[in-house]
S.K.: 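Before we start, here is the structure in question, set down as structure tokens.
What you see is a predicted model; the values in this text were computed from it and never measured. Computed over heavy atoms, backbone and side chain alike; hydrogens, waters and symmetry mates excluded. Remember, it's 1-based here, ligands and their atoms both numbered in the order they're listed.
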Amino acid sequence: MTQRPHVVIVGAGFGGLSAATALARAPVDITVIDRQNHHCFQPLLYQVATAALSPAEIAWPIRAILRHQRNATVLMAEVTGIDTANRRVETTAAPIPYDHLVVATGATHSYFGHDEWAEFAPGLKRIEDATRIRRSILLGFERAELAKDDAERTRQLTFVIIGAGATGVEMAGAIAEIARYTIAKDFRRIDPRTARIILIEAGPRVLPALSNDLSDYARASLEKMGVDVRTDTRVTGCDRGGVDLANGRIDAGTIIWAAGVVASPAARWLNAEHDRAGRVLVNDDLSVSGHADVFVIGDAASVKTADGKPVPGVAPAAKQMGAYVGKLIAARLSGRALPPFRYRHAGDLATIGRRAAVVSFGRLHLKGFFGWLFWGVVHIYFLIGLRRRFVVAINWLWNYLTFQRGARLITDAPRERR
Ligand SMILES: Cc1cc2nc3c(=O)[nH]c(=O)nc-3n(C[C@H](O)[C@H](O)[C@H](O)COP(=O)(O)OP(=O)(O)OC[C@H]3O[C@@H](n4cnc5c(N)ncnc54)[C@H](O)[C@@H]3O)c2cc1C
């Protein structure tokens with residue numbers, strides 16, 4: 001028997017999984033490598049960080065997702081490099097040879113050259129980040145209840161979110177809801193409703209990717225919920241006690257980073273040209289210059305739309321690229337060619353809180369309750385598995401009716417110093 005071509009896919013995020021699925025019927029053997037054993041539905045990470053959902057409701061074992069795809073093997077290992085001369089992927093387990101390689105390793109937080117801030121201002125990317133942020137938020141209220149003086153109480157009840165893109169806006173709205181409703185009556189020495197939630201944005205408006213009217217609506221909704229929105233405000237430092245701004249300081253117990261992203265080291269591994277955010281500049285078939293059988297997709301790739309705009313780092317873009325590359329490899333194996341990759345932008349959406357969300361889908365602009373309903377339906381639709389869709393829908397309905405959040409657990413808390 002002749003050996004079938006070996007396709008190695010690095011990363012089982014939206015892009016990698018979509019590439020694997022597109023190759024389900026192709027005469028290839030696929031190896032999917034990921035350093036985690038689960039695929040994470042990142043758009044709902046903030047719901048884990050704010051105790052509305054549990055980790056298992058938004059993450060799925062990669063093995064289980066690909067269980068029925070007989071030509072796919074899953075390996076849990078960290079990729080450390082790519083040897084293009086010998087066509088193999090270096091991993092923490094063993095080198096893996098490839099005939100075709102798809103790199104879909106995504107992006108991570110960028111602290112704009114201040115990596116030392118990461119310790120005090122965690123970003124949200126993985127399940128571990130979400131549970132760490134959840135712990136920090138919930139501990140803030142617990143520590144405020146124990147505080148011996150007003151200054152410390154106020155500091156513990158101050159939550160700063162840096163960056164007012166979708167994640168920052170969603171986090172700020174959700175923390176405001178926790179303080180104003182969920183735990184409003186659970187404490188005896190403090191009033192959680194006095195918590196300060198401050199959303200800081202260096203640019204002139206929140207949700208800059210959306211139109212002015214939706215952005216204004218989001219800001220007004222946040223302010224109505226008691227969030228202090230500060231645009232045109234630059235952070236100059238983060239430390240254990242708070243945040244330094246170009247125009248002052250905020251003492252805060254919890255700081256959350258939602259400001260910038262940088263691509264995974266794919267460009268370094270491939271010695272490829274990249275943009276300022278580290279994304280590999282790929283050809284119009286998503287292959288890497290000089291390596292026709294190596295593709296970079298999703299958040300790790302720098303791709304332009306037909307009218308020259310950058311393709312945004314969103315899940316639908318990663319999925320479209322994964323599906324395209326899967327089809328392209330299958331087509332090439334059967335001697336066919338495909339036209340260049342074309343991104344189709346579906347739309348933008350972000351939720352701000354109960355009954356408040358913004359949706360921009362072509363000419364469809366929704367806000368308020370209908371936007372919120374639309375947001376919920378879309379997210380449930382994209383979850384994997386009927387059981388999870390059902391569980392998440394019931395959880396949201398329950399949270400909506402009772403103002404509660406079912407996953408208010410502080411786990412792995414550091415021992416308090418006495
Ligand atoms: C908090 C948050 C909220 C978001 N909200 C939305 C939203 O509402 N709507 C939307 O469309 N998009 C949203 N996004 C963006 C969206 O999640 C990304 O665009 C999408 O996940 C990119 O897919 P990807 O396949 O390129 O990378 P990812 O989905 O990030 O997957 C990368 C995979 O590679 C693996 N990996 C990385 N490095 C290595 C390595 N060295 N070795 C082995 N494996 C590795 C990772 O474990 C991961 O599984 C959000 C992102 C975040 C972080």
S.K.: Hey, is E128 close enough to R132 for a salt bridge, meaning N to O under 4.0 Å?
M.R.: no
S.K.: Say whether T167, considering both its backbone and side-chain N or O atoms, lies within less than 3.5 Å of an N or O atom on ligand 1.
M.R.: no
S.K.: Check this for me, if you would: do D239 and R249 make a salt bridge, where the nitrogen-to-carboxylate-oxygen distance has to be below 4.0 angstrom?
M.R.: yes
S.K.: Is there a side-chain contact between F141 and D186, using heavy atoms and a 4.5 Å cut-off?
M.R.: no
S.K.: Does R240 make a cation-pi contact with F120, if we ask for NZ or CZ under 6.0 Å from the ring centre and within 45° of the axis?
M.R.: no
S.K.: Please indicate whether any nitrogen or oxygen in P316 is less than 3.5 Å from any nitrogen or oxygen in ligand 1.
M.R.: no
S.K.: G13 heavy atoms, cut-off 4.0 Å: which ligand 1 atoms fall inside?
M.R.: 25 (O), 28 (P), 29 (O), 31 (O), 33 (C), 49 (O)
S.K.: Under 4.0 Å, heavy-atom basis, I'd like to know which part of W269 is in contact with ligand 1: side chain, backbone, both or neither.
M.R.: side chain
S.K.: Indicate, as side chain, backbone, both or neither, the part of A77 found under 4.0 angstrom from ligand 1 when only non-hydrogen atoms are considered.
M.R.: backbone
S.K.: Any N or O of H38 that comes nearer than 3.5 Å to an N or O of ligand 1?
M.R.: no
S.K.: For ligand 1, indicate whether the residue S264 contacts it via side chain, backbone, both or neither (heavy-atom separation under 4.0 Å).
M.R.: neither
S.K.: Measure the acute angle between the ring planes of H379 and F41, then classify it against the limits of 30° and 60° as parallel, tilted or perpendicular.
M.R.: perpendicular
S.K.: Short check: is a protein heavy atom less than 4.0 Å from atom 14 (N) of ligand 1?
M.R.: no
S.K.: Any non-hydrogen side-chain atom of W269 less than 4.5 Å from a side-chain atom of V280?
M.R.: no
S.K.: How far is atom 19 (O) of ligand 1 from the closest protein heavy atom, and which atom is that?
M.R.: D299 OD1, 2.9 Å
S.K.: Please report the interatomic distance OH(Y111) to CD(E119), rounded to the nearest 0.5 Å.
M.R.: 10.5 Å
S.K.: Flag G11 as yes when one of its N or O atoms lies below 3.5 Å from any N or O atom of ligand 1, and as no otherwise.
M.R.: no
S.K.: Could you see which bit of D34 sits under 4.0 Å from ligand 1, with heavy atoms only: side chain, backbone, both or neither?
M.R.: both
S.K.: Please verify whether a non-hydrogen atom of G313 lies at under 4.0 Å from ligand 1.
M.R.: yes
S.K.: Heavy atom of A258 under 4.0 Å from ligand 1?
M.R.: no
S.K.: Identify the two heavy atoms, one from I255 and one from A252, that lie closest to each other, and give their separation to 0.1 Å.
M.R.: CG1-CB, 4.4 Å
S.K.: Using 30° and 60° as the class limits, which term best fits the ring planes of F341 and Y324: parallel, tilted or perpendicular?
M.R.: perpendicular
S.K.: Would one find an N or O of A315, backbone or side chain, under 3.5 Å from an N or O of ligand 1?
M.R.: yes
